[in-house]
Structure formats: structure tokens, C-alpha cells
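A quick write-up on the structure given underneath.
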Amino acid sequence: MSNIYKGILDSVKRGSKTFAVLVDPDKSSLEEVKELSFSAQACGVDYILVGSSILTNGSMERCIEAIKEFCNIPVLLFPGNTLQVNPLADGILYLSLISGRNPDMLIGNHVISAPLVKASDLEVIPTGYMLVESGSVTTVSYMSNTIPIPRGKNEIAACTAMAGEMLGLKLMYLEAGSGAEQMVPPKMIQAVKESIGIPLIVGGGIRSAGMAEACCKAGADIIVVGNAFEKDLSLMESMCRTVHDVVSVS
Ligand code: 1GP
């Protein structure tokens, strides 16, 4: 079994929650990426995700190099499109956008990127990606041309996650969208967690330690935060510590 995924499973088995930082190469300068990577190492961040719904001037390659210069945390690609597949990372969340009905995001982009991914040393982690309505139209919803799951429809979220697991996906990612007004509702997190046996990632709009804690207590195994650190890097320490301090009850 692969190393990063095995580590995730081991954490879940122990009842430990883990913390991931999302780096958007477009939104941070290389100096900021280096500073963030240094902090992440010091705070004990578990994973660094790199990617964006759209890249206009940032470089995946230079961003990953900058991260790796300053920390030894596993770097996972979180690609918004096939152009963001880069062999310098350690692994890739091979995202199938199962909450939507856009065939390109479900399988088309995977067909295009398959030879590149296969030829790389990237650890491939098949991930069900589920967008959840979060107050207004998000970049990821617009760019993926998919409708997010309505906030109150926990049963749709649960059934979608169940189907994804039965199709063989290894991780489930509940996503409100980067910079979302509202994070994924805890009741939806709970409904999804109770419906699946694979690890659950939750991200989008998590801006405080309290919000991260609420997601963990509802059943999230991995918390992802990006936007908040672009504004205030000093939040990282308390958010990471809070997530690590939550003990799973199941
Ligand atoms: C977005 O879930 C991630 O894909 C993180 O969202 O940037 O809002 O923290 P934020």
C-alpha cells in the first residue's frame, strides 16, 4: 500500500485528526510560499495541497520547489485541471467531481492526464470530490460547470459519498470552495461520515480554530485551510493544534 494513503488510514484508525494547508500558486508569491512552508513545518502541518481552479500567473513547478526547499511535509497535487499535474509533488488527489454531472470532471480529464500520471512517481489517491453550496457561486463551481449540493440536502451528500466509495474511491472530499462564505454544515459532514468507511476531508471557508474543531467533531478526518493563511499566517499554529487535539469518538 502507498505511503501517504497508508498514513492517512493509520491516523483515522488511531482516531487522530490531521491538518492540511492549501497553497494556491496564483495567490502567493514564492517568498510567501517559503514563509508558509517554514511555518507549516514548525506547526506540525500534516500535508500540503497545491492547486487552484484556475492559474493565471503562478507556476506549479516553482511553487512545489519552494515548498520542498523549506519543509519535508508531503505535497499533494490538488489539480483544478490537467495542466496542473506535476511530477515534482509526492502524490495527487485524483479528483473525480462526483457531486456534478460534468463528464470532463468525472472522467474526461483523467483520460487526458492518465499517461502523464502513470509515468510519474506520484502516489495516486482516487478521491471523490463533492461541492457543497456555500452562500454564493464559487470559482470551483463556475470553473467546473457543476451545481453544488444544496446545503440542507444531507441525504444527497450521503448517497453521493456512498456511491463514490462503492465505485472504489479511497478518499472523500467535502468542499465548500476556496474562500467560501460558509463552510460545509456540520450536520452534512456527520451524515457523510456515517455513510462511508473511507477517510473524509473537509475544506472551504474554514477561517478559525473553532470552525476547524466543529468540522472535526462532526466527523472530518482531515481539515484543509488555504485562504485564511493568505490573510493571516499566524492563525496556523492554533488551527493546527486544535485539529490535532480533537480525539475521534468513533
Ligand atoms: C479549497 O478546501 C480548500 O479547495 C480550502 O478552502 O481556501 O477557503 O480555506 P479555503
Side-chain angles (χ1 to χ4, degrees), residues 8 17-28 32-33 36 39-40 43 45-55 58 60 63 67 75-81 84 89 92-100 105 125 127-144 146 148-149 151 157 161 171-186 188-189 192 199-216 218-240 242-243:
I8 293 172
K17 308 292 185 178
T18 50
F19 191 68
V21 171
L22 172 66
V23 179
D24 181 335
D26 242 14
K27 292 196 187 148
S28 306
E32 287 166 335
V33 171
L36 180 138
S39 282
C43 294
V45 166
D46 300 282
Y47 309 102
I48 295 186
L49 271 50
V50 185
S52 179
S53 292
I54 183 167
L55 277 186
M60 290 293 283
C63 183
I67 293 168
V75 176
L76 286 164
L77 298 176
F78 179 56
N81 57 53
Q84 293 175 27
I92 177 169
L93 297 184
Y94 214 35
L95 304 169
S96 183
L97 209 171
I98 59 174
S99 60
M105 306 307 280
I125 307 178
T127 303
Y129 194 43
M130 296 171 55
L131 302 188
V132 179
E133 188 190 345
S134 58
S136 59
V137 178
T138 57
T139 308
V140 60
S141 171
Y142 180 82
M143 290 304 295
S144 65
T146 66
I149 297 173
R151 289 183 74 72
L171 273 184
M172 206 51 66
Y173 193 137
L174 267 180
E175 168 74 282
S178 192
E181 285 171 20
Q182 298 170 284
M183 68 177 201
V184 177
M188 185 179 281
I189 297 172
V192 168
L200 177 61
I201 308 180
V202 176
I206 300 171
R207 289 180 290 273
S208 68
M211 291 169 97
E213 185 176 18
C215 292
C216 288
D221 297 303
I222 303 174
I223 299 296
V224 181
V225 175
N227 227 265
F229 302 144
E230 288 158 19
K231 297 186 175 107
D232 183 3
L233 197 51
S234 70
L235 284 172
M236 190 185 282
E237 200 273 325
S238 64
M239 287 178 94
C240 188
T242 301
V243 167

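Order of listing sets the numbers, starting from 1, for every ligand and every atom in it.
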Original post:
Strictly by modelled atom types, are E181 and S136 linked by a side-chain donor-acceptor pair under 3.5 Å?
Top reply: yes
**OP:** Examine the side chains of D46 and T18 and answer whether a donor and an acceptor come within less than 3.5 Å of each other.
**Re:** no
Please write down residue, atom name and distance for the protein heavy atom closest to [atom].
atom: atom 3 (C) of ligand 1; value: Y173 OH, 3.5 Å
atom: atom 8 (O) of ligand 1; value: G179 N, 2.6 Å
atom: atom 7 (O) of ligand 1; value: S178 OG, 2.6 Å

Original post:
Does any N/O atom on A228 come nearer than 3.5 Å to any N/O atom on ligand 1?
Top reply: no
Original post:
Purely on distance, is any nitrogen or oxygen of G226 under 3.5 Å from one on ligand 1?
Top reply: yes
Number the atoms of ligand 1 from 1 as they appear, then name those within less than 4.0 Å of a heavy atom of [X], with their elements.
X: G204; answer: 2 (O), 3 (C), 5 (C), 6 (O), 8 (O)
X: N227; answer: 7 (O), 8 (O), 9 (O), 10 (P)
X: L22; answer: 1 (C), 3 (C), 4 (O), 5 (C)
X: V225; answer: 9 (O)

Please find the pair of heavy atoms, one from [X] and one from [Y], that lie closest to each other, and give the distance.
X: V23; Y: C63; result: CG1-SG, 3.6 Å
X: S53; Y: T139; result: CB-CG2, 3.7 Å
X: I206; Y: C215; result: CD1-SG, 3.8 Å

Original post:
Can you tell which of E181, E230, E175 gets a heavy atom nearest to atom 2 (O) of ligand 1?
Top reply: E175
**OP:** List the steps, then state whether side-chain contact (heavy atoms from CB on, under 4.5 Å) holds for V45 with M236.
**Re:** CA-CA 9 Å; V45 166; M236 190 185 282; 3.9 Å; yes
Original post:
Hey, what's the ring geometry for Y129 with Y173, parallel, tilted or perpendicular (30° and 60° as the breaks)?
Top reply: perpendicular
Original post:
From L55 CG over to M60 CE, what is the distance, rounded to the nearest 0.5 angstrom?
Top reply: 6.5 Å
Subject >> Part of R207 within contact of ligand 1 (heavy atoms, under 4.0 Å) >> reply: neither
Original post:
What do you reckon, does F78 put a non-hydrogen atom under 4.0 Å from ligand 1?
Top reply: yes
